[in-house]
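Atom set for the values below is all heavy atoms of this structure, side chains included, hydrogens, waters and symmetry mates excluded.
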Amino acid sequence: ELVRKFTRNLIKYYKRKKIIFLKINPEIPIATIDYKNNFENKTCFLIGGTGGTGKALATYMSFLKINLILAARNLDEAEKIKNELTNKYHNKIEIIKFDFLNDEILEEAYLKIKDRKIDFFFNDAGIYHQKIKYIDGKEITNLVNFIRPIQLITKLSRLENFKETRFINVASISYKFVKSQTDISKKPSKIKTLHYALSKRMLVLSSLMLKKEGVNIVLAHPGISTTNLFNKKNNAFPKIFYILIVPLMKLIFMNQEKAA
C-alpha cells in the first residue's frame with residue numbers, strides 16, 4: 001500500500017511540474033532537453049564524472065557536444081571514460097587530477113582552471129557512510145560534501161573570467177530530514193545517514209547564501225534514484241537491505257542515466 005501511494009504521488013508530481021521525457025537516441029538516457037539552447041563547444045568542469053550519475057552526466061553532455069574537463073581522483077577510470085565518449089561523440093575531454101581531501105591536488109587543479117573560460121562548473125561529488133575521520137579538525141564527509149566545494153566556488157566566482165560561469169551543486173532530498181547546524185565542529189551523528197543529510201543541507205544553505213551574494217549558482221537534484229550510494233560494496237546498510245530493499249528500489253525509482 002505504501003509503495004502504491006508513493007507511486008501515485010510521484011506521478012502527480014511529474015504531471016504537476018509538466019516534466020516531459022524525450023527519447024533522444026537509443027544510446028542516450030531518457031532526459032529533458034531544451035532544444036532552444038545550443039551547448040556545442042561550451043566547456044564544463046565536471047567533478048565526480050567517473051561515478052554512476054556523474055558518468056551518465058558526462059555521457060549526456062558529450063552527446064550535446066559540450067567539451068569536458070573531468071576532475072577525477074581515479075585517473076585510469078577517467079581515461080577509459082574519455083576514450084569511450086570521444087570515440088562516440090567526438091567532443092574534447094581533458095582530465096585533471098582532483099581530490100577534495102588533498103589540499104595540494106586541489107590547489108593544483110585551481111591553478112589549472114583559474115585562467116580558463118568555463119561555462120559550467122558541475123559538482124556531482126559526494127561521499128556517504130564513511131568512517132569518521134578528520135583532516136585539520138574537519139570531518140571528511142563535511143569536507144567533501146560542502147566545505148571544500150563551497151570554498152572552491154567562492155574562490156573562482158571572484159575571478160573576472162568566472163563571472164558568467166553557471167555553478168551547479170548536486171544536492172540531496174535527504175537535507176529535509178535534519179535541522180540546520182552551524183557548528184560543524186560538533187561530533188557527527190552516530191547515524192551516518194543523518195550525518196550525510198546534514199552535510200547536504202549545509203551545501204544547500206551555503207549555495208543559497210552565495211546566490212544572495214550574486215554568484216550564478218543553482219542547486220540540482222537527480223530525484224530519488226538508485227545511485228552508487230546504495231551499492232552494497234559500501235556496506236552502508238545491513239545485508240538484508242541489499243537483498244530486499246535495493247531490488248525493489250530498482251523497480252520503482254529512476255536509474256542513474258535517467259536521473260542525470
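Between Asn169 and Val218, every side-chain heavy-atom pair lies at or beyond the 4.5 Å cut-off. Put simply, the side chain of Leu210 does not reach to within 4.5 Å of the side chain of Lys212, judged on heavy atoms. At least one side-chain heavy atom of Glu79 sits less than 4.5 Å from a side-chain heavy atom of Ile95. Considering only heavy atoms from C-beta on, Val170 stays 4.5 Å or farther from Asn123 through its side chain. Leu159 is not listed as a side-chain neighbour of Asp115, based on a closest heavy-atom distance of 4.5 Å or more. Side-chain contact between Ser172 and Tyr196 is present, with heavy atoms from C-beta onward closer than 4.5 Å. You'll find the side chain of Phe162 reaches within 4.5 Å of the side chain of Ile118, heavy atoms only. Using a 4.5 Å cut-off on side-chain heavy atoms (C-beta onward), Leu143 and Ile135 make contact.
The line from CG of Asp136 to CG of Leu101 is 11.0 Å long, rounded to the nearest 0.5 Å. Note: Ser207 OG to Ile168 CD1 = 11.5 Å, rounded to the nearest 0.5 Å. Between the CD1 atom of Ile217 and the CG atom of Leu219 there is a distance of 6.5 Å, given to the nearest 0.5 Å. Ile47 CD1 to Leu70 CG: the interatomic distance, rounded to the nearest 0.5 Å, is 11.0 Å. Annotation: the span from Asn161 atom CG to Arg116 atom CZ amounts to 10.5 Å, rounded to 0.5 Å.
Side-chain atoms of Glu139 come within 3.5 Å of backbone atoms of Thr141 as a donor-acceptor pair (strictly under, hydrogens ignored).
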Starting from the C-alpha separation in whole Å, work towards a yes-or-no answer on side chain to side chain contact (heavy atoms under 4.5 Å, CB included) for Phe39 and Cys44.
CA-CA 10 Å; Phe39 296 104; Cys44 177; over 6 Å; no
Could you walk me through whether Asp119 and Thr165 pass side chain to side chain contact (heavy atoms under 4.5 Å, CB included), step by step?
CA-CA 5 Å; Asp119 300 286; Thr165 301; over 6 Å; no
Stepwise, does the side chain to side chain contact (heavy atoms under 4.5 Å, CB included) test hold for Leu68 with Met61?
CA-CA 8 Å; Leu68 298 176; Met61 291 182 191; 3.6 Å; yes
When you look at Asn142 and Ser199, which way does the side-chain hydrogen bond (donor to acceptor under 3.5 Å, both in side chains) test go after all the steps?
CA-CA 5 Å; Asn142 290 331; Ser199 70; 4.9 Å; no
Go through the steps to decide whether Lys112 and Glu94 satisfy the test salt bridge (charged side-chain N to carboxylate O under 4.0 Å, His left out), and finish with yes or no.
CA-CA 11 Å; Lys112 287 180 180 179; Glu94 179 184 347; over 6 Å; no
Go through the steps for Thr50 and Asn74 under the test side-chain hydrogen bond (donor to acceptor under 3.5 Å, both in side chains), then give the verdict.
CA-CA 8 Å; Thr50 58; Asn74 189 334; over 6 Å; no
Run the numbers on Asp99 and Arg148 for salt bridge (charged side-chain N to carboxylate O under 4.0 Å, His left out), then give the verdict.
CA-CA 10 Å; Asp99 188 349; Arg148 293 281 169 79; over 6 Å; no
Quick one: do Glu164 and Asn216 satisfy side chain to side chain contact (heavy atoms under 4.5 Å, CB included)? Show the steps, please.
CA-CA 7 Å; Glu164 300 300 321; Asn216 186 8; 5.7 Å; no
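Both tests hold for Lys155 against Tyr110: distance to the six-membered ring centre under 6.0 Å, angle to the ring axis within 45°.
Enclosure of atom NZ in Lys211 by more than 12 non-hydrogen atoms of other residues, nucleotides or ligands within 6.0 angstrom is indicated. Within 6.0 Å of CD in Glu40 there are more than 12 heavy atoms belonging to other residues, nucleotides or ligands. Crowding of Lys80 atom NZ: a count of heavy atoms from other residues, nucleotides or ligands under 6.0 Å not exceeding 12. Counting heavy-atom neighbours within 6.0 Å of Lys133 NZ, excluding the residue itself, gives a total of 12 or less.
Ring pair Phe167/Phe121 is tilted by interplanar angle, where 30° to 60° counts as tilted. Between Phe63 and Tyr60, the two ring planes are parallel [angle under 30°; tilted spans 30° to 60°].
With sequence neighbours excluded, the residues satisfying salt bridge (Lys or Arg N to Asp or Glu O under 4.0 Å) with Glu84 are Lys55. By the ring-ring contact (aromatic ring centres under 6.0 Å, His included) test, Phe122 pairs with no residue at all, sequence neighbours left out.
Under the 4.5 Å side-chain contact rule for hydrophobic residues, Met209 and Ile153 do not share a cluster. No continuous path of hydrophobic side-chain contacts links Ile69 to Ile105 [ILVMFWY only; heavy atoms under 4.5 Å].
No option in Leu75, Leu106, Leu46 other than Leu106 meets the side chain to side chain contact (heavy atoms under 4.5 Å, CB included) test with Phe98.
Smallest separation of non-hydrogen atoms from Lys42 and Ile66: O-CG2, 3.4 Å. Looking at every heavy atom in both residues, Ala78 comes nearest to Ala72 through CB-CB, 3.9 Å. For Ser62 against Asn91, the heavy-atom pair with the smallest separation is OG-ND2, 3.0 Å.
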